[in-house]
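Let me begin by presenting the structure, written as structure tokens, before commenting on it.
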Amino acid sequence: MAPPFIFPPNLESLEEEHEDNRLYVHSVTNITSFRSSQLEEFVKGVSFDLSNKDFYCIEDQDVFDRVYSLVRDFTKLTKSCKFNLVECLRSNFSVLLPNVDSLARISNEDEDTSSIIDRIASYRNAFKIYTYFLLSIVVAQESSTQTDNNNAKVGKGNRNKNSMNLWNWESQRGRIVNLVANSLESNIGLLFGTSNPDENYLSYVAKIGFYMFENPAMLKDLDTKGAICRIIGTCATKYHYIEQSCASVLHLIHKYDFVVTHLADAVAMAEEKYADGSLAVILIREIGRANPKDYVKDTVGADNVGRFLVELADRLPKLMSTNVGVLIDHFGGESYKIRNALVGVLGKLVSKAFKDIEGDVSSKSVRIRNKQAMLQIMLERCRDVSAYTRSRVLQVWGELCEEHAISIGLWNEVAKIAAGRLEDKSAIVRKSGLNLLISMLQHNPFGPQLRIASFEATLEKYRGKLCEQEPAVHSKSHLEGLPSDNDTCKADGEGDILEEHDISDSCLPCVEEGSTQKDSLVPNIDNSEQNRALVASLEAGLRFAKCLSETMPILVQLMASSSSTDVENTILLLMRCRQFEVDGSEACLRKMLPLVFSHDKSICDAVEDAFVTIYIRKRHSETAKNLLDLAIDSNIGDLAALEVIVASLVSKGEISTSTISALWDFFTFKINGVTAKQSRGALSILCMAAKSSTGIFHSHLQDIVDIGFGRWAKEEPLLARTACIALQRLSKEDKEILMASCGNRVFGILQGLISGLSLPEHIWYAAADKAISVIYDVHPAPESFAADLVKRSYRSVFDCSGGDELPNNFESVSTGINSTLHVAKLSRYLFVISHVALHQLVYIESCVKKIRKQKTKTNKCDADSQNVQEDWVTSADSLKKENGINAELGLAASEDAILDALSEKAEKEIVSGASVDKNLIGQCTPLLSKLCSNFSLMQKYPELHASAMIALCRFMIIDANFCEANLQLLFTVVENATSETVRSNCTIAVGDLAVRFPNLLEPWTENMYARLRDPSISVRRNAVLVLSHLILNDMMKVKGYINEMAVCLEDEDERISSLAKLFFHELSKKGSNPIYNLLPDILGRLCKQNLKKEVFNNIMQFLIGSIKKDKQMESLVEKLCNRFSGVTDIKQWEYISYCLSQLTFTERGMKKLMDSFKSYEHVLCEDSVMDNFKIIISKGKKFAKPELKSCIEEFEEKLLKFHVEKKEQEVTARNAQVHQQKVSSLDVLIESLEEGGVDDVQLYDSEAGEVIDPSIAEGTAQAMSGQSDARFQESEENSGVSSVLTELEDGLEVQSPKTCMTGAVKFKAKNISTATNAVLGSVKENASARSNTEEANDNNV
């Protein structure tokens, strides 16, 4: 019989001899020295012996030694040798396993016990040897494969070679590992004499199993992975090798992240196969017993452990639910990853662990209580300190919602939490909250329509039915009818709960029509109970609809968020809300349109996708109807955004030609029931589409003229303006066709539209604006036509027979402004001439641009024509030489100068030409200036005031001289005009003037910033927009008045506040962040303004938050500390210290703060300043290293010490000052008494200047002795004047109210009678007559 085989610590240890008579290798064959043929023969010999002899011949010394030699150098064998050896070992081992069972039968039949024992020993030895050699081959081959793969990464040329050396190892490996797993699962108790194998065997197999788990390539092979999981599960569960296995599992989890899912599979497989969850229970308890602080340091391990717990809860929910209590304490730990995992575990348990309905009543109640406790924990975790945990909780609620695991009774509570998290400071939490609301809408149990009115109507109806069935209705809510927390919204069977379709149908608007049919669907077991549950469900649905409706203002704010994820998910939620007809969702979606101007392409794409989903339909007529309705109801900003979207969709083909045709049908009234307003909306959409496809109008030119300016324009005045826009969007070819076919008619219509009175006042200005634009875009000679237009408008105002001369004096015109008609005509006239002048300026610039373009094109053509000549070389040289001469002489530059001079002259002639007689528009400027200067007249006619100021601003934009002459008038009007419309228009015009004439406007910068303090919201809003545009586009330098813009951050109007925040946000992106340089100046100016403390804090917090660089923060620490030394105001000390507390402190920043202690030590006496320094200290401790932390603690002690000392010094100084004042007053009183005597002393009232008789004071002292702090009445001879005694800090003060009586006096001396007598008692000894009074008074004091 061979010696027993014992698993060695490593393969080479088999060559060592041991004292315990174990099997070892006697002779090792060096197969590396064999030639290929010799190696083949050697392997064949070993294979022959293994095949022809008994399967336990492996324990024969000769066979054992030769097999060991091959296994030791297995990686050096050829592919065929490897295959033969592995096949022999594997086949013999597979034959051995069935013989183990037969060995039991033989032992029962055979009486020869010794032979049976020897055979069992041989079987056991062979079992161990085969297991050891096969697993050693796996380890050796895998190590070699990993080495080859690492070498293959160096160059691609080795990859094919390495793949050839694998000799299909994956299939062989799977067979070997599965064979070992099968051997463990077989009945091997007979071989080892007990139910459990010996420790040596189990430790080796388990060690190799966990080693294979560290190889990700083996885990990717499902066959191999399953076998490894069986090995680990069997060792731990069947053979109770559980403690060591648990330690190995936790080690792998902490070390490798790719093993988490596979280890969870192994643990779950063991529980399922052997119905024993001991391995899982011990793992859960070991994790629960771990110190929570350990997970703070080991973040990777915490992440892996958390994932393992979630995976385990997913696979073994019931087992986890009974052991989750040991993990709950980790909710109090600092590792947010563990808290995230525990939240995921609770979500899995709520979803899967409580589905079965088996068991008695007590077990059901326990399960319900456990589930409710888990749900309560999840609700509380929504307010976790970590944003990651809050986000994870909301994600888990979303998963539960998708799995219909949230009961109706809990639905609204979850919805309320999700809505509240939309205002979270973290973007990831807001994203999760938005996604949760989307999921709740998609899976809501209340129906496809969530209109509040429908719910209220249906709820009222069923409440009436319930009242009829139950006359004695309780006043309490019907929420008792809701399902309990363990019942899902699908009503899985516990209790009498309505099915999902019942609840949904009950909430539809049409429920009233089919209520009889609906009632018949309800089970007739107890109609009252069903109605009560239905009413409760309707109440829950109504609260859910209201909750969603109340979130609309928050969603509007989120669409303005700087985070693209906020905007995109908000758009998705609004789309879902609109699908379910939530109140307010349609209006919120309209506010989505301006986001198309965002610089973030993802946001623009999201807006376009949402627009297509909402408004583009399969039926083209529906799409056209949606688009024109949108155009009709939109404001100016939405129309601009809509134009961009429509143009983009037309270019992409989302808006097809069929939709365009449908829009033309609406415009031309080919569809029944179309109104003039809808026709105008269709034409607006067509104008937008023309920006991408200019040929849209080609076949409908006549329709635009006939309908746009025809009788329909009288019903819809804006139709004419829209038709003018359409004429502007015509292509060049279409404009030529229009001029040839009906040009005179069109311009006659436009002239009549501008000069006539057919349009209402509020429509005429917009229509005239577009009409004049069409004239300058389409007419071949617009300046002559515009001149006639101005003359006609002038005659309509002043009723002149002809001529071009206009009155020069204002008095001749002012007499005509007596009627509303004349005022309206004059307003229109001023609008026309100013608009014509502005378009004339643009027309001159366009003509100059065309000339330059034509000149460039001509020069290019000349150069090309000369290059194609035969002597092109000579011509090119001569041309180059000629151009060089021209350049030297300045001829080319002179041509441009002449063109510029002509352009400048033409521009000047618009307003202030040299020849007044020939200047049509310039003659009106004196009239306009005088008109705008007459403030009383302007206040009387506000519409005329607005029109005149617009005209004045336009003329100032055109001409620099006119601008300079009227700047004082303009800013006077801006400052003093009563109409906020006028102030707003002038504010916008000032921005245009600053762009055109920056040097002229530079001295008026302070006046421009002053509009930020205007009482009108619209004026302040326009001022913010204008200044933002000028500063951000480098048209205006950031002057010292930027603090006015900072104050707008806390403006009462939310829109102004948002615009100011946007301005500073964009300003911080420019260069090296100008806010860093501006912050000290802003701080100094804000300190001098009378701002509330909260307002100041919010402003500085926002501005400091826009500074991100550490170096700038460190520099600000030094700058702010230095400001303490030059400030004596306590309020400024508080403000500066608050700004310091808002900085982000680095290690260098803290050191600078400590080094600057001398500059701020004198301010530490103030408690508010000290509180801010405490905030700085707490911030510094969070990031500080141990060395720095000790310095910070010393610095903190130093601050506290100085604070206490300064407070004591301050109290001492105050007391000394009070004492000095008392002594000084007594000295003055003694001197006066010594000089005049007691009887001669007269007290003077400082206010009335009246002389007071000493007897009054004496009577007052006597009254004080009776009641020192009460009202008293003087004697009748003192005219009955009453006085009031007030006890102050320094003593008693006598006060008398002012009366109309001459005897009324007010004492301001401190208990004069008492003090006087007390002093005299110590100075004069002859005052004994008053000693009784003195004693009484002394007692009272």
Side-chain angles (χ1 to χ4, degrees), residues 1-11 13-28 46-47 49-71 88-137 176 179-208 231 234-235 238-241:
M1 187 178 96
F5 178 80
I6 298 177
F7 288 89
N10 53 64
L11 186 62
S13 297
L14 285 176
E15 300 177 12
E16 301 174 1
E17 184 178 2
H18 296 271
E19 297 178 356
D20 54 0
N21 193 27
R22 69 176 65 176
L23 182 64
Y24 71 97
V25 178
H26 288 190
S27 100
V28 180
V46 172
S47 301
D49 289 341
L50 290 174
S51 302
N52 290 346
K53 295 181 180 180
D54 293 331
F55 50 80
Y56 49 84
C57 69
I58 189 71
E59 66 175 349
D60 294 345
Q61 191 65 54
D62 179 56
V63 177
F64 179 78
D65 291 348
R66 286 185 293 162
V67 172
Y68 166 79
S69 301
L70 292 174
V71 171
C88 289
L89 292 176
R90 189 182 60 78
S91 60
N92 279 16
F93 192 35
S94 60
V95 172
L96 172 63
L97 295 180
N99 281 274
V100 173
D101 295 331
S102 64
L103 191 63
R105 294 192 300 270
I106 293 174
S107 61
N108 293 330
E109 298 173 359
D110 197 346
E111 297 179 357
D112 190 358
T113 307
S114 61
S115 63
I116 294 299
I117 293 175
D118 292 342
R119 182 173 294 184
I120 290 174
S122 298
Y123 275 46
R124 182 170 58 250
N125 260 3
F127 182 87
K128 290 182 178 181
I129 294 171
Y130 282 124
T131 301
Y132 183 75
F133 280 155
L134 285 173
L135 291 179
S136 298
I137 288 173
I176 294 173
L179 185 61
V180 174
N182 293 336
S183 69
L184 282 171
E185 293 173 353
S186 62
N187 185 17
I188 59 175
L190 182 62
L191 293 178
F192 293 94
T194 59
S195 59
N196 294 334
D198 58 33
E199 185 77 13
N200 179 252
Y201 168 74
L202 284 178
S203 63
Y204 176 77
V205 175
K207 182 182 75 171
I208 298 301
I231 291 173
T234 304
C235 290
K238 183 178 179 181
Y239 300 118
H240 308 293
Y241 193 73

Open item on the list: If you compare all heavy atoms of Asp49 against all heavy atoms of Cys57, which two are closest, and at what distance to 0.1 Å?
Closed with: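 Smallest heavy-atom distance, with atoms named: O-SG, 3.7 Å.
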
Report the distance from atom [atom1] of [X] to atom [atom2] of [Y], rounding to the nearest 0.5 Å.
X	Y	atom1	atom2	value
Lys128	Ser183	NZ	OG	13.0 Å
Arg66	Leu50	CZ	CG	8.0 Å
Ser47	Leu89	OG	CG	8.5 Å
Tyr239	Leu184	OH	CG	5.5 Å
Tyr24	Phe64	OH	CZ	11.0 Å
Leu97	Phe127	CG	CZ	6.0 Å

TODO: Would you please test Asp198 and Arg124 for salt bridge (Lys or Arg N to Asp or Glu O under 4.0 Å) and show each step?
DONE: CA-CA 11 Å; Asp198 58 33; Arg124 182 170 58 250; 5.9 Å; no

Open item on the list: Among residues at least two apart in sequence or on other chains, which ones pass ring pair (Phe, Tyr, Trp, His ring centres under 6.0 Å) with Phe7?
Closed with: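 Applying ring pair (Phe, Tyr, Trp, His ring centres under 6.0 Å) to Phe7 gives Phe5, Tyr132, Tyr201, Tyr204.
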
Partner set under salt bridge (Lys or Arg N to Asp or Glu O under 4.0 Å) for [X], not counting sequence neighbours:
X	value
Arg90	Glu87
Glu199	none
Asp60	none

Sequence-distant partners of [X], side-chain contact (heavy atoms from CB on, under 4.5 Å), two or more places apart:
X	result
His18	Glu16, Asp20, Arg22
Asp65	Val25, His26, Ser27, Gln61
Asn52	Phe48
Ser13	Pro8, Pro9, Asn10

- [ ] Report the residues that fulfil side-chain hydrogen bond (donor to acceptor under 3.5 Å, both in side chains) with Thr131, sequence neighbours left out, ordered by chain and then residue number.
- [x]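 For Thr131 there are no side-chain hydrogen bond (donor to acceptor under 3.5 Å, both in side chains) partners, ignoring immediate neighbours.
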
- [ ] Kindly write out the residues that satisfy side-chain hydrogen bond (donor to acceptor under 3.5 Å, both in side chains) with Asn200, not counting sequence neighbours, or none if the list is empty.
- [x]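 For Asn200 there are no side-chain hydrogen bond (donor to acceptor under 3.5 Å, both in side chains) partners, ignoring immediate neighbours.
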
Open item on the list: Assess the residue pair Leu23 and Ile129 against the criterion (side-chain contact (heavy atoms from CB on, under 4.5 Å)); give the C-alpha distance rounded to whole Å, side-chain angles, the decisive distance to 0.1 Å, and a yes or no.
Closed with: CA-CA 10 Å; Leu23 182 64; Ile129 294 171; 3.6 Å; yes

Open item on the list: Do Leu179 and Ser94 make a side-chain contact, defined as non-hydrogen atoms from C-beta onward lying under 4.5 Å apart?
Closed with: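 Result yes, sub-4.5 Å side-chain heavy-atom pair found.
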
Open item on the list: What verdict does the side-chain contact (heavy atoms from CB on, under 4.5 Å) test give for Cys235 and Val205, after you've listed the backbone C-alpha separation in whole Å, the side-chain angles of each residue and the deciding distance to 0.1 Å?
Closed with: CA-CA 8 Å; Cys235 290; Val205 175; 4.3 Å; yes

- [ ] Kindly say whether Pro3 contributes a backbone atom to a donor-acceptor pair with the side chain of Asn21 at under 3.5 angstrom?
- [x]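 Looks like no, no N/O pair under 3.5 Å.
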
